[in-house]
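Following: one structure in structure tokens, then a few remarks.
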Amino acid sequence: MSAEVLAAPGSTPGQWFTRAVLRNGPLGGLIALTVVMAVLSRDFLNGQNLLNVGVQASVTAILAFGVTFVIVSAGIDLSVGSVAALSATVVGWAATSQGLPVVVAVPLGLAVGAVAGLVSGALVAYGRLPAFIATLAMLSVGRGLALVISGGSPIAFPASLGRLGDTLGGWLPVPVLVMVAMGAVAALVLARTYTGRAMFAIGGNEEAARLSGIDVRRRKLVIYALSGLFAAVAGIVLASRLTSAQPQAAVGYELDAIAAVVIGGASLSGGSGKASGTLIGALILAVLRNGLNLLSVSAFWQQVATGLVIALAVLLDTLRRRSAR
Amino acid sequence: MSAEVLAAPGSTPGQWFTRAVLRNGPLGGLIALTVVMAVLSRDFLNGQNLLNVGVQASVTAILAFGVTFVIVSAGIDLSVGSVAALSATVVGWAATSQGLPVVVAVPLGLAVGAVAGLVSGALVAYGRLPAFIATLAMLSVGRGLALVISGGSPIAFPASLGRLGDTLGGWLPVPVLVMVAMGAVAALVLARTYTGRAMFAIGGNEEAARLSGIDVRRRKLVIYALSGLFAAVAGIVLASRLTSAQPQAAVGYELDAIAAVVIGGASLSGGSGKASGTLIGALILAVLRNGLNLLSVSAFWQQVATGLVIALAVLLDTLRRRSAR
Amino acid sequence: MTGVNDDVPAGGRELLRVEGVTKSFPGVRALDGVDLSLRAGEVHVLLGENGAGKSTLIKMLSGAHRPDEGRILVDGREAVIRSAQDAERLGIATIHQEFNLVPGLTVAENIFLGRQPRTALGLVDRREMRARAAELLRRVRLDVSPATPVAELGIARLQMVEIAKALSLDARVLIMDEPTAVLTSEEVATLFGIVRELREAGVGVIFITHHLDEIAALGDRVTVLRDGRSVTEVPASTDEDELIRLMVGRDIAEQYPRRRPEGPGAPLLRVRGLTRAGAFADIGFEVRAGEVVGLAGLVGAGRTEVARALFGVDRYDAGTVEVDGRAPARGDVRAAMRAGLGLVPEDRKGQGLLLDASLRDNLTLARLDRDTRGGFVDRRAQRREAAAVAERLKVRMSGLEQSARTLSGGNQQKIVIGKWLLAGARLLILDEPTRGIDVGAKVEIYQLVNELTAAGCAVLMISSDLPEVLGMSDRVLVMAQGRIVGELAGEEATQDAVMELAVRSPGGVGNRNESAMEGSDVG
Amino acid sequence: DRGGHTDLGLALSTMNNPFFVGIKEGAQAEAKARGLKINITDAQNDPTQQINQMETFTSQNVKAAVINPVDSDAAVPAVGVANRADVPVISIDRGVNGGKVGSTIASDNVAGGRLAAKALAEAVGGKGKVAFLEGLPGTSAARERGKGFEEGIRAWPGIEVVARQPADFDRTKGMDVMANMLQAHGDIAGVFAANDEMALGASKALGSASGKVKVVAFDGTPDGIAAVRDGALTATVAQQPRLLGKQAVDWAVRAAEGKPLPREVKVPVVLVTRENATAFTG
Ligand SMILES: Nc1ncnc2c1ncn2[C@@H]1O[C@H](COP(=O)(O)OP(=O)(O)OP(=O)(O)O)[C@@H](O)[C@H]1O
Ligand SMILES: Nc1ncnc2c1ncn2[C@@H]1O[C@H](COP(=O)(O)OP(=O)(O)OP(=O)(O)O)[C@@H](O)[C@H]1O
Ligand SMILES: [Mg+2]
Ligand SMILES: [Mg+2]
């Protein structure tokens, strides 16, 4: 629905704008915000800055793709920020402190992310913990382990991995490429795989999914493991950008990731959500932060503005849906 | 159910213990944790330290009582930490910077908390935002406003209010008294008031509540306003303990408060919850932190342990309910 | 329609056998040593009151529950059915009493949920899935696109999707738990046709229903459950009174015991020109004190929408509603309640009950305001009131603190009605009041309706169960496509007359095919 | 041994920054050398937790406590806890605005800010546009370093601070905020970042321009020093966290023994530039 065509012949620009926003939901919100920023700051709308926005969105977006799986299946994952930091720390520890080759260190980091997700998933599926609590516990445990492994200090990232944070051909940032690739994977998983469709079924009606022969518990393991895996990728991209694994990186990113998913049109009660929407949600947050920095808005007011825009973006989407009825 | 008598004649202490924990749910968890801490540290079980635990639980508990209202009605409130800081900042600003008398400043701070809750409530009830998003926005806005009002610096609290953080008769800490009083109010609200019963009805089945003549939207306003009001009280107690209002106080306390409510036996899907359970939940968290500090557990491992205990406490409660069936 | 099976000793070899199965839930022994057997090519009807254990029994066969004791044999070999997948492997397909559909997914995906066809790459093959779904939809005569999200379908169509889903399994044993409860006669006829085809093909069918007339029409054998025990097994040709006696353990003199009070009273409800674009138009009627007015029509005729608009749940675009001469504000449930209206919604669990709350809280919910003084609720008064009304309605419960979820369907419905009695409603709108409720409990609800009208209240009864509408109403209004197309007073109201109006479009041209009329014979 | 006995308590404000980890390590090493048992806690920047932790220390009957205040005002009640239990208190890195504190051992943040201003001004040749990456709003380190920097830079009329944005002491945010600032101010000559972490992020954002744009930082963490050595950072105002930690234990022991204490112990800040970076050890 958010992909409907912008067709509104014979109307004033104002009407056109309102309609465009209302029709296209999250995308409309992104466009509106972009227009506002472009009008307010002449530095906003240039290629380099837009690439910056892309880079700045990348980590949140990759985290948010993983969280989309969980939210579509009516769960929630508060642990992704911690898991990202833990995975990156493990990569740094393996590659730098233990001197393992990168081709071993990276899969190890990804595995750690997936296992952290698996543990949360097991607590949810077999321990019947509410997802909020299971992943809150993992938030705490993951961060603690990252600190333990690193001794609290950043670990340098091998130079070869640093390239993940760089640009290709001097202009195309690799984090943006990774974001797009992970987004494509997420879209494919959601739309076309057995596990993806099971996410919608579990989120829409868990009992029905179970009675239709879906092994709900095993699927939940896979769902949370995927979220952990995406978090690990995000953590590695983040550390590559910084060329060091920071045990205290990505604190609080889980809320940004969840906000991105919901701004992108998913429902927290499960059963709906799209990778494209999530990408748009992450871009909205990045445009907002970038624009507020460009406008030199005071630090304190930035927080106020961020809150207002999050509320407004979701409000617009809610309005759109109601008017679409 | 959690108040059942501990009667288990003719069994080994081990069996008795398991049974006591399983029968009494959150209370059992608290007792078990206390016993473990008392065994591990000889400093734990003395009067002064236990009063310390009470004080240390007080702010989380007061926040959590407010969050209980919201969770019982199947909502969630992520903004309570920010709102607590905002309210305390307003009190400090009014009393110290503006020289208003305390009897004006405190009601003003309480009003600010209630209004912040009201705004979240309006976004949820009339704007149809998911509670997670509405209160996430308020988390950001509230913190920003606290920083704006204070200019980013702590504001001294008037001496008369400092007494709220002190002890009575040289031993009885006032925060503990406030906690008990607010707990009693919360219990009364939940069990005996129109709004309290409406919380259970809305949380149990919102559509059925609406079709039975409960004005769901207006009640939601009241529910979130109450949560904001409790947050304001917690903020004032916190600032009194610190003798200054800190705009960056209580960051992340919302997760502790929610964890306390859930550990206390409430369901995040609404319709159940008790003030006594919430108190126990807050005490479990405080005993855990106090005990880990007493045991000189390294800061990094403390985070791991905290996560494990949160998961374990809720797991035990889930087990108990399943075995009670 | 006569049963084709009366004289044919139906069925071949035994497909399924249940021996001494027992199942307990906390506080309830739902099944106690139940035996059952199913042969290939027979329709075996399970009959019993609400809460007798029918659904629990079939849940053992579908893998939703495990028996505490006893065994299940499939093809003579003992089978352990742990999950829906196990059941599927054994060739058992089940249509559960509760819908098991995912609202956000399409019809095609719901049909193939968990078993989607895949492409060579292991991805879901949507084209194949839609093609196969379209085939199944044709078979159940459901005219919707496989790409429609099921959230957009009405309750009857949902049931047909469930049936298509079960058929897609090509099972040897097909279990149907009250499939006809939400269907109109037209769809019931389609369903019966399908079941007969399956029987010819040697499929064994377990069929649960509260509509006794369907038993002779479709069944071969009947097993009667009472209080979790299998009481007896009789041929399906056993007459209805005898079946009722076996089921409830006593005779029920009259299935529709309507007693009309002397003379119509003053008008209680007056509706004029009520319209909401896209839902209903120009609805006008009157209900007088002491009357039961039936509102009949095909599913989707707009009856529920009208009820919701009257009660202030939804807004309306035009028209007036007067209760006792006063007009409650539009779209305001509380105003409607103050005026004396009460609504027993069609979706009992979704809209009528707080399933996990106590019976006391459920019963007193609609009078919470009145039990509140200065912000505080008089809990003792609530308990007293709830106890009194529960006693008056003869609710079968272990106590007022029992949760509503654990009551049987009939008792749940009594709780919803009790709520409105306590709220002091004088005009009660009952939307599908006896859907899924057993004969015994139905009669108790009808007696309650009599008591209400005798006390000067009135009832507007929406029902898709034609015998019920005819048996209990003093007047019948018929709706079609959002309009009232006719009113039939007591003696003119016959099934044929109602159906003729119901299938007629408001313009006056009949647009339904013959099967609707044929289906109406079933009743 | 049921927790055994504990001699000293060290209540750190946070461990989410290598600087504080340095203090911890310095203190731990010194305590070990003296055969003392020390309980080191992390308040995660929450002053309330700090009170709780001081209460824990008194429950453990420590002989002296060291506090690294989250906030100078909000630490007063925490110090009060120790005062009431007659446990002597040393404060480290930041002062306490009340209560009875034996000694305050600190590197001077305001003076450090001034030093940074001077270093930056000299590095850019006394004129041009500069940007300022602020610390986490509301924290005392952010305030004091900012104050020192603003005071110091005022002495250089040729220099204009064109942008001022918080990056919360966080490396990622430092990078993103710097990138955004560069969009609006492509012509800046220098940056002051209120800690090394933000500076390292900023220097990444500057990328190829990092040679031309001078970055002055604060803290002197191992990563920061290394970056100065490589030329990615122009200079950093180094505190000496290990030394701070060591001295805290020294003075705490003296306090426990009832020996007289100086009110203030200033651990000097050192401007680390490319020249002295190799020699510097925190
Ligand atoms: N999950 C459960 N937990 C507790 N009690 C249950 C559960 N499921 C069923 N029961 C109880 O078991 C008994 C049998 O219920 P069941 O649903 O099998 O009845 P039924 O014959 O299908 O009734 P109906 O005609 O209303 O569908 C009832 O007393 C019911 O309340
Ligand atoms: N939530 C909805 N969204 C869209 N259309 C709906 C919705 N609910 C009902 N409808 C449509 O409105 C029309 C009237 O439906 P309604 O449920 O009022 O019929 P009814 O006569 O009460 O039938 P029933 O026998 O199912 O109660 C139908 O065409 C139905 O499909
Ligand atoms: Mg049943
Ligand atoms: Mg209806």
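Basis for what follows: all heavy atoms, side chains included, without hydrogens, waters or symmetry-related copies. In what follows, chains are A, B, ... by sequence order, proteins preceding strands, each numbered from 1.
Neither the backbone nor the side chain of C/Asp356 comes within contact range of chain B, judged by heavy atoms closer than 4.5 Å. Residue C/Arg367: no heavy atom, backbone or side chain, is found under 4.5 Å from chain B. For C/Asp369, the parts lying under 4.5 angstrom from a heavy atom of chain B are both the backbone and the side chain.
Remark: B/Arg218 CZ is loosely packed, at most 12 non-hydrogen atoms of other residues, nucleotides or ligands lying under 6.0 Å away.
Interatomic distance, CG of B/Leu211 versus NZ of C/Lys419, reported as 7.5 Å (0.5 Å rounding). The CD atom of C/Gln351 sits 12.0 Å away from atom CD of B/Glu206, with the distance rounded to the nearest 0.5 Å. Taken to the nearest 0.5 Å, the CG atom of C/Leu354 stands 7.0 Å off from the OG atom of B/Ser212.
Contact count against chain B (heavy-atom pairs under 4.5 Å) is highest for C/Leu353 among C/Leu353, C/Asp332, C/Leu343, C/Asn362. Ranked by heavy-atom pairs shorter than 4.5 Å toward chain B, the options C/Ala336, C/Ala366, C/Ala335 are led by C/Ala366.
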Side chain to side chain contact (heavy atoms under 4.5 Å, CB included) between B/Glu207 and C/Asp347, intermediate numbers included | CA-CA 11 Å; B/Glu207 187 64 8; C/Asp347 180 1; over 6 Å; no
Can you list the steps and then say if B/Tyr194 with C/Leu368 is a side chain to side chain contact (heavy atoms under 4.5 Å, CB included)?
-> CA-CA 7 Å; B/Tyr194 179 83; C/Leu368 197 54; 3.6 Å; yes
Is there a side chain to side chain contact (heavy atoms under 4.5 Å, CB included) between C/Arg379 and B/Arg197 once you walk through the steps?
-> CA-CA 10 Å; C/Arg379 297 284 281 164; B/Arg197 301 319 298 171; 3.4 Å; yes
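Among residues 109-123 of chain B, no residue has any heavy atom closer than 4.5 Å to a heavy atom of chain C.
Formation of a donor-acceptor pair under 3.5 Å by the B/Arg192 side chain with backbone atoms of C/Phe376 is not found in this model. B/Asn205 places no side-chain N or O within donor-acceptor distance of the main-chain N or O of C/Leu355, the cut-off being under 3.5 Å.
Across all non-hydrogen atoms, the minimal contact from C/Val377 to B/Thr193 is CG2-C, 3.5 Å. Here the closest heavy-atom approach between residue C/Gly352 and residue B/Ala208 is recorded as C-CB, 4.0 Å.
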